[in-house]
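Accompanying notes for the structure given below.
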Amino acid sequence: MSVNSDFLARAEKVFVGGVNSPVRSFRRVEGKPLIIKRAQGAFIEDVEGKKYLDLVMSYGPHLFGHHYDPILKTLAKTLEEGLCYGMTSEREIQWGEKMLSFLPPRWKVRALSSGTEACMTAIRLARGYTGRDVIVKCSGHYHGHVDSLLFDAGSGLATLSEESVPDSAGVPQSLGKLLKIIPFNDVSALEKVFNEFGEQIAAFIFEPIMGNMGVVLPEENFLKKARELTQKHKALLILDEVMTGFRVAKNSAWGRFDLQPDLVTFGKIVGGGSALSALAGDAKILDSLAPLGKVYQAGTLSGNPIGVSAGLAMLEEIDRCDPYPSLEKLGEKLEKTLQNVALKKGIQLSVVRCASMLSTHFRQEKPRNAVETRDIDYELYKKFFWSAVKHGVMLPPSPFEAYFLATAHCQHEDQLLSSFEKILSDI
Ligand SMILES: Cc1ncc(COP(=O)(O)O)c(C=O)c1O
């Protein structure tokens with residue numbers, strides 16, 4: 001038995017399917033998951049000592065790479081001061097002030113522990129603030145495993161979703177009645193839903209760049225319409241920036257696309273690799289949260305010192321070294337390499353990228369929505385994934401997850417680009 005399968009057998013005895021989050025089971029690529037020992041910079045190392053150039057980057061938090069020194073140094077100081085207090089701390093305030101320095105004036109922020117929790121709180125707040133119950137979401141957009149949002153409708157055509165089916169057992173079908181699901185980038189579906197249900201809609205929540213069915217870019221008129229219709233019908237516009245926040249720009253997707261959302265959820269990068277997320281928005285809306293308002297939300301570990309220290313160090317680094325231009329350059333090179341090699345080899349591949357997040361869709365055209373991202377060659381992604389493993393590159397074990405670049409990859413540009421020539425040649 002190999003060292004990896006030894007660990008795997010132990011993991012399977014203690015964890016369901018050997019994992020604590022389903023994508024880690026490698027089911028989509030039909031293979032045995034790797035067990036990880038450590039990670040440093042651009043690389044991740046498994047328990048057998050094999051190193052991989054890592055493009056998973058823990059699904060997004062590591063903008064600078066693994067084990068980033070400034071974050072670790074700040075954490076080391078925090079550890080001397082205690083793990084959590086159950087009271088507001090000095091560092092927590094510093095993190096909050098830093099967050100607000102990137103956000104519009106007169107906003108406030110609440111620290112929470114996961115992206116799921118931030119989205120769950122955002123829709124509760126929207127319902128409490130507007131006194132309405134209906135939420136509009138996009139097909140294929142993931143907002144964590146919140147009961148009321150764990151619906152997709154399966155096909156973008158099954159819009160206006162009275163008959164939506166939950167994506168998970170245990171989610172009451174009746175919650176679907178409070179949800180309207182439209183295809184991403186479909187302006188007429190958006191208009192239709194607001195025309196029919198406008199007075200009942202508390203909020204429209206969506207990922208400004210779809211990232212959980214593979215990366216799909218938003219169309220400008222869809223974004224414009226989203227703001228226009230929510231404003232007209234007095235519903236809130238919630239951007240789920242758990243993935244895109246501080247990933248696609250210093251002022252996130254809302255700034256990059258010049259949107260003016262009412263609420264924004266953050267996760268991943270805001271915690272610098274620790275369990276921290278955030279809900280931010282106009283103070284007049286956020287003040288509806290307890291203790292000032294009637295919308296309840298609480299957390300034993302909300303704003304814990306480890307989370308806010310790692311998050312603060314991350315945000316300070318973003319300010320200090322502006323990583324976005326170098327990430328953009330590397331992203332562009334990777335996109336071009338993938339596209340050119342695929343063309344040479346006659347492989348149908350469309351690469352969709354925004355800044356340092358990208359996806360390889362094994363299909364001819366760039367997809368516009370979740371129906372199109374499902375219309376891919378799954379077998380080819382599987383081959384691509386295992387070819388990458390063979391050539392020492394770790395990709396997400398599902399065609400529906402994004403790849404993330406970190407500044408640590410910049411020092412390994414040649415290796416990164418030449419690896420993909422080999423990976424694509426082998427499939
Ligand atoms: C856009 C988006 N929203 C929400 C979530 C849920 O975040 P978490 O896994 O931290 O609960 C994710 C997770 O990947 C996400 O990508």
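When a ligand or atom number is given, it counts from 1 through the structure's own listing order.
- Closest to atom 12 (C) of ligand 1 among all protein heavy atoms lies Val242 CG1, 3.7 Å.
- For His143, every heavy-atom contact with ligand 1 shorter than 4.0 Å involves the backbone, none the side chain.
- For the pair Lys32 and Phe26, the cation-pi criterion (under 6.0 Å, within 45° of the ring axis) is not fulfilled.
- By the side-chain hydrogen bond (donor to acceptor under 3.5 Å, both in side chains) test, Arg247 is found to be paired with Ser356, residues two or more places apart in sequence or in another chain being considered.
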Could you give me the CA-CA distance, side-chain angles and deciding distance for Tyr378 and Phe362, then say whether ring pair (Phe, Tyr, Trp, His ring centres under 6.0 Å) is met?
CA-CA 8 Å; Tyr378 290 83; Phe362 283 93; over 10 Å; no

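- For atom 9 (O) of ligand 1, the closest non-hydrogen atom on the protein side is Thr116 OG1, 4.5 Å.
- Below 4.0 Å from some heavy atom of Glu207 lie the following atoms of ligand 1, by number and element: 1 (C).
- Taken to the nearest 0.5 Å, the CD1 atom of Ile182 stands 10.0 Å off from the CD atom of Glu191.
- Interface of Gly144 with ligand 1, defined as ligand atoms under 4.0 Å from a residue heavy atom, comprises 4 (C), 5 (C), 6 (C).
- Closest to atom 15 (C) of ligand 1, if we only count protein heavy atoms, is Asn212 ND2, 3.6 Å.
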For His66 and Phe43, what are the C-alpha separation, side-chain angles and deciding distance, and is it a ring pair (Phe, Tyr, Trp, His ring centres under 6.0 Å)?
CA-CA 7 Å; His66 290 284; Phe43 294 90; 9.6 Å; no

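- Counting non-hydrogen atoms of neighbouring residues, nucleotides and ligands closer than 6.0 angstrom, the OH atom of Tyr296 reaches no more than 12 such neighbours.
- Remark: distances from the non-hydrogen atoms of Tyr142 to ligand 1 include one below 4.0 Å.
- Using modelled atom types, no side-chain atom of Arg353 and backbone atom of Leu334 make a donor-acceptor pair closer than 3.5 Å.
- Residue contacts with ligand 1: Lys268 is included, with a non-hydrogen atom under 4.0 Å away.
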Salt bridge (charged side-chain N to carboxylate O under 4.0 Å, His left out) evaluation trace for Lys98 with Glu316:
CA-CA 8 Å; Lys98 193 74 199 168; Glu316 280 174 345; 5.5 Å; no

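- Counting the atoms of ligand 1 from 1 in the order shown, those under 4.0 Å from a heavy atom of Met243 are 16 (O).
- Nearest non-hydrogen protein atom to atom 3 (N) of ligand 1 is Asp240 OD2, 2.6 Å.
- The proximity of Thr244 to ligand 1, defined as any non-hydrogen pair under 4.0 Å, does not occur for either the backbone or the side chain.
- Atom 10 (O) of ligand 1 has as its closest protein heavy atom Gly115 N, 2.9 Å.
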